[in-house]
Structures are given as structure tokens and as C-alpha cells.
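For clarity, every value in this text was computed on a predicted model and none was experimentally measured.
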Amino acid sequence: MDQYGLMALNGLSWGMTVFLTAAGLTLVFGILHVLNFAHGGFVMLGAYLAYSLLAMLGEPSFWAFMFATVVCAAALGVLGIAVDRLVFQRLRGVGESYSLIATYALLLLCQGAVKVIWGIDFLSVPPPPVLRGATEIAGMLAPNFVLFVIGCGVLVFLLLDYLVHRTELGKTVQSVAVDPWMASLLGVNVRLVLTGTVVVGIALAGVAGALLSVNQSLSPNMGSALIIQAFGVIIVGGMGNIRGAFLAAILLGLITAVGDRVFAEVPGLFFYVALISILMWRPQGLLKGLR
């Protein structure tokens, strides 16, 4: 039973880690219909910024860690305003190939900025004391930071789901996603909604980068590695569907954890096996659209 519990815990941890990365990416695609390759780079910038902030604080407390997360979200949100004005506004109405090329160029720019500012060496962020150690659950020791990541993933999903499906703002955003021309005729400031979506999406990348900076080594290639798994989650979940991305993250995480346990010599293989199998069964994804 301990082995099954450990596999489930590892799967949920993997799933929530990827969902935190994919949340902003899913939101942006659901509204702008742009596959943002640069999202992994923004997550990486959030992680490196958190590293610098926490290094200045010395031995950070839990609240210092959360403060750094908020600062990273705000800083990446401000960057999102510039990115929207300089890049995304110019991509609206053009072919998808231009969007892919432009956002991939943004990813390369993020990697270059990291190399110039922080260098190419691997860096690490120590967790706050309260997130070290483990907690016993049903006779099984669960690392505190793993539980924290799972809790953060669930919380981000609940907040986004409530915002999109339970508020007037969310209904306005959905109307822009479905028919921006009709929404503009009804008095909706479409340009403001699109810009706000980009800002929130990139701010979520900053949150993910800061929260996940503790459980992985920081390197200039970090963004490229994260974006592959995030794309897998949003494709399986249904492009632009937040609930689908959350469900896909859990499902792919559990399958990956079982596969890594059974076939330890090929870690990560079952992620791609599950990705291909699910898309052959439901090519439109588990859920479809932003609704």
C-alpha cells in the first residue's frame, strides 16, 4: 500500500507541477488562440527572479517565500504589458506560423537574458524551513514541499475556474474568446480584455516559476523542458480548457508515475505513450474549448 500511495503522491506532484506551468498558457490560448512557446521562458524568468530575491533575504521564511512569489507575479505581469504591446498585438489576425516563430524567438530571448544576467551555471533555491522534512499520512511519509506544490496547483485551478465560470468578468472573457466582433458590438473593450489575458497569463508564469524554483535546478534550458510537458497537458485536456488541463495533468501525472515505477530504466516514456494513446482516442482532447 505504501508503494501505491507513493506512486499516487508522485503522480499528483508531477501533475500539479505541470499544471502550474500550463495554467497561464491555457488561459492565453483559450482567449487569443496563440500557442505561446515563450511561456516556458517566462516561467524560467520567474524562477530566476525568485532566486535573486530569496538570496537577498538570506534564510527565507515561508512568508518571505510567498512575498517573493507575489513580486515575481507582479514583475512578470508588467513584462506581459510590454510583450503584448510589442508582440501579441502585432500577431492578431496573422497566420499561426508567424505566432509560433515570434513566440519561439521570445523563448530564445528569455534564455539569452538569463545567460547574461545569471550565467550558465546550475543554481538552486533552498526551501523555507517549514517546507522541509515530511509529514506522515496514513502511515506514509510525504515530503512537505510535495504537499505544498499539490495544494498550490489545486488552489490555482479553483481560483481560475471560479474566475472564468462564475464571475461576470469570466463571462465577458468567454464572449471575447467565442466572438470578439460581436462582443465589441455589445460594448466590451476587446483590446483591454486581450491585453489583460496576456498579463494574467504571464503573471501566472511568474507564480509558477517562483513556486517551483525550490524543487528543481535552475538552468537556461529550464524553459524548453517545462514547455514540452505543458503543451502535452493542454493538448490532452482540450486546447484552451482550464478544467481539461487540470484533469489531463492529474491523469498524465499518475500514468507517468506508474510507468516510471514499472519501467524505471526509461523514465518519462509513459508520458508520451499516454499522450499518443489519449489523442488517438480523443483527438479533440478530454474536454474542448474554454467552456
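The line from SG of C110 to CE of M44 is 5.5 Å long, rounded to the nearest 0.5 Å. Here CG of L155 is found 9.5 Å from CG of L160. Values are rounded to the nearest 0.5 Å. Here the CG-CZ distance, from L247 to F157, works out to 9.0 Å after rounding to the nearest 0.5 Å. Note: C72 SG to L45 CG = 10.0 Å, rounded to the nearest 0.5 Å. To the nearest 0.5 Å, the span separating CG on L204 from CG on L20 amounts to 9.0 Å. Taking CE of M239 as the start and OG1 of T26 as the end, the distance is 8.5 Å to the nearest 0.5 Å.
When hydrophobic clusters are built by joining Ile, Leu, Val, Met, Phe, Trp and Tyr residues whose side-chain heavy atoms come closer than 4.5 Å, directly or via intermediates, F62 is grouped together with L147. Linking Ile, Leu, Val, Met, Phe, Trp and Tyr residues whenever their side-chain heavy atoms come within less than 4.5 Å places F29 and I228 in a single cluster. Both L57 and F145 belong to a single network of hydrophobic side chains, linked directly or stepwise wherever heavy atoms of I, L, V, M, F, W or Y lie under 4.5 Å apart. Both I235 and W281 are assigned to one and the same hydrophobic cluster, defined by single-linkage of ILVMFWY side chains at heavy-atom distances under 4.5 Å. By the criterion of side-chain heavy atoms lying less than 4.5 angstrom apart, applied directly or through intervening Ile, Leu, Val, Met, Phe, Trp or Tyr residues, V18 is grouped together with L279 in one hydrophobic cluster.
For OH of Y98, the number of neighbouring non-hydrogen atoms (other residues, nucleotides, ligands) closer than 6.0 Å is 12 at most. Around the CG atom of L186, the shell of radius 6.0 Å holds more than 12 heavy atoms that belong to other residues, nucleotides or ligands. No more than 12 heavy-atom neighbours from other residues, nucleotides or ligands sit within 6.0 angstrom of CZ on R85.
You'll find the side chain of F231 reaches within 4.5 Å of the side chain of I234, heavy atoms only. Residues L252 and W14 meet the side-chain proximity criterion, which asks for heavy atoms closer than 4.5 Å. In this structure the side chain of L131 never reaches within 4.5 angstrom of the side chain of V214, judged on heavy atoms. D84 is listed as a side-chain neighbour of Q89, based on a closest heavy-atom distance under 4.5 Å. For the pair L269/T256, no side-chain contact is recorded, criterion being any heavy-atom separation below 4.5 Å from C-beta on. Under the 4.5 Å side-chain criterion, counting only non-hydrogen atoms from C-beta, T195 is not in contact with F88. Between V70 and M66, the closest side-chain pair of non-hydrogen atoms is not below 4.5 Å. Side-chain atoms of F246 and V154, non-hydrogen and from C-beta on, do get closer than 4.5 Å to each other.
Across every non-hydrogen atom of M222 and A47, the tightest pair is CE-CB, 3.6 Å. Of all heavy-atom pairs spanning F42 and A205, the tightest one is CB-CB, 3.7 Å. A pairwise comparison of heavy atoms in A210 and S213 identifies O-OG, 2.7 Å as the closest pair.
Side chain of R243 to backbone of L287: no donor-acceptor contact under 3.5 angstrom is found. No donor-acceptor distance shorter than 3.5 angstrom exists from the side chain of S277 to the backbone of A274, with no hydrogens or angles considered. Using a distance-only test at 3.5 Å, with no hydrogens or angles considered, no donor-acceptor pair links the side chain of S13 to the main chain of N10. Remark: side-chain polar atoms of Q174 are paired, donor with acceptor, to backbone N or O of V164 under 3.5 angstrom. In this structure, H39 contributes its side chain and I227 its backbone to no donor-acceptor pair below 3.5 Å. Between the side chain of N36 and the backbone N or O of L25 there is no donor-acceptor pair closer than 3.5 Å.
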Problem - Criterion side-chain contact (heavy atoms from CB on, under 4.5 Å) on L194 and V190, from CA distance to verdict - result: CA-CA 6 Å; L194 296 178; V190 174; 3.9 Å; yes
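Under the side chain to side chain contact (heavy atoms under 4.5 Å, CB included) rule, F37 has a single partner from L100, I101, L106, which is L100.
For the residue pair T17/Q216, the side-chain donor-acceptor check at 3.5 Å is not satisfied.
You'll find the ring centres of Y48 and Y51 outside the 6.0 Å limit.
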